[in-house]
2 protein chains.
Amino acid sequence: MELYLIRHGLAGTYGSYTHDADRPLTEEGVQKTKRVAKRLYELGLRFDLIQTSPLVRARQTAEILQKVHLSEQLQQSKDLAPSGNLAAWLDWLQTWQQAERRLAIVGHEPNLGEWAEQLVWGEARQQLVVKKAGVMGLTVPDEGMLIGRCQLFWLTPPRFLLND
Amino acid sequence: MELYLIRHGLAGTYGSYTHDADRPLTEEGVQKTKRVAKRLYELGLRFDLIQTSPLVRARQTAEILQKVHLSEQLQQSKDLAPSGNLAAWLDWLQTWQQAERRLAIVGHEPNLGEWAEQLVWGEARQQLVVKKAGVMGLTVPDEGMLIGRCQLFWLTPPRFLLND
């Protein structure tokens, strides 16, 4: 099973909205995220499901990914919000845990990098640099415990993904 | 400072040469490595130095990288051979440790993945998937200890780097 963790694109300045959850992608963020989405499609990636944080900037990112046909299914999970809880989310993930599945989640930093570290090395040390619209790829064991048992096969900022 | 760790390209079958150190890249390995090298150049990467393991398959890889002008300087280090020692190599690296430097090393698995893990998380657990002609990018602190103090900003197999 493969799990792709994707950070939302460039959003408006923090503090510019009364509710941070409403902060949308900037126009630049939309354009760059579209280019990343197209590139992922060109690379042959397809997901059984994209799950996203309910915050606007994440939902917009996930919708862009869906629009280029990276996945037919899109759902929200409050566990992917900045206040989200990895243990709760893993309970859900385990219901999907089987060979051949490919899932993508769209969320926030520092959560995504810390979750990846916990899944791969068993603890979070904030040593992964996850840029906006950046992507990580993990292989997930088909059964059993997840923490400390996944492998990292991909981590890229948009600048090493796009053609210009 | 940035450190790029690059695994040699596809080489002949293990055991097909009396001395494993002589095992060269296959024709397919040469072609794919050339495409990776050109892509790294297109992405704007340039190195102050490429250091390579003395084994033929690594040296060929490093020469391909140099030929596309990723670096003017190329040198060998026995510390990058499969039997190489991270502590010895770090003694050398520290003589280069300063801001704005960009180094690339060409070597072997499992060493490269394990070294990256030690530099980033302090210990090797073989949880990084480093494909042949794959690339990792680490930021290295400008001074002080290196083990456990670097950050990983890039890890890619060739399939997510090339255009087809």
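Note on naming: letters A, B, ... go to the chains in the order of the sequence lines (proteins, then strands), and numbering restarts at 1 for each one. Please read these numbers as outputs of a predicted model, since none were measured by experiment.
Between B/Y41 and B/H69, the ring planes are perpendicular. Angles over 60° get that label, and only those under 30° would be called parallel.
Heavy-atom pairs under 4.5 Å with chain A peak, among B/L152, B/L161, B/L45, B/L40, at B/L152.
In this structure, CH2 on A/W154 lies 11.5 Å from CH2 on B/W154, to the nearest 0.5 angstrom. Distance CG/B/N85 to CG/B/L80: 11.0 Å, rounded to 0.5 Å.
For B/Q126, the part lying near chain A is the backbone, with the side chain staying farther off; criterion is any non-hydrogen pair under 4.5 Å.
Taking non-hydrogen atoms and a 4.5 Å limit, the residue list of residues 127-139 of chain A in contact with chain B, ordered by number, reads A/Q127, A/L128, A/V129.
With ring centers used as reference points, B/F160 lies 6.0 Å or more from A/F160.
Note on A/L49 and A/F47: separate hydrophobic clusters, where clusters join Ile, Leu, Val, Met, Phe, Trp and Tyr whose side-chain heavy atoms are under 4.5 Å apart, directly or indirectly.
In this structure, the side chain of B/R59 engages the main chain of B/P54 through a donor-acceptor pair within 3.5 Å.
For the 3.5 Å distance criterion, the side chains of A/Q31 and A/E27 qualify, holding a donor opposite an acceptor.
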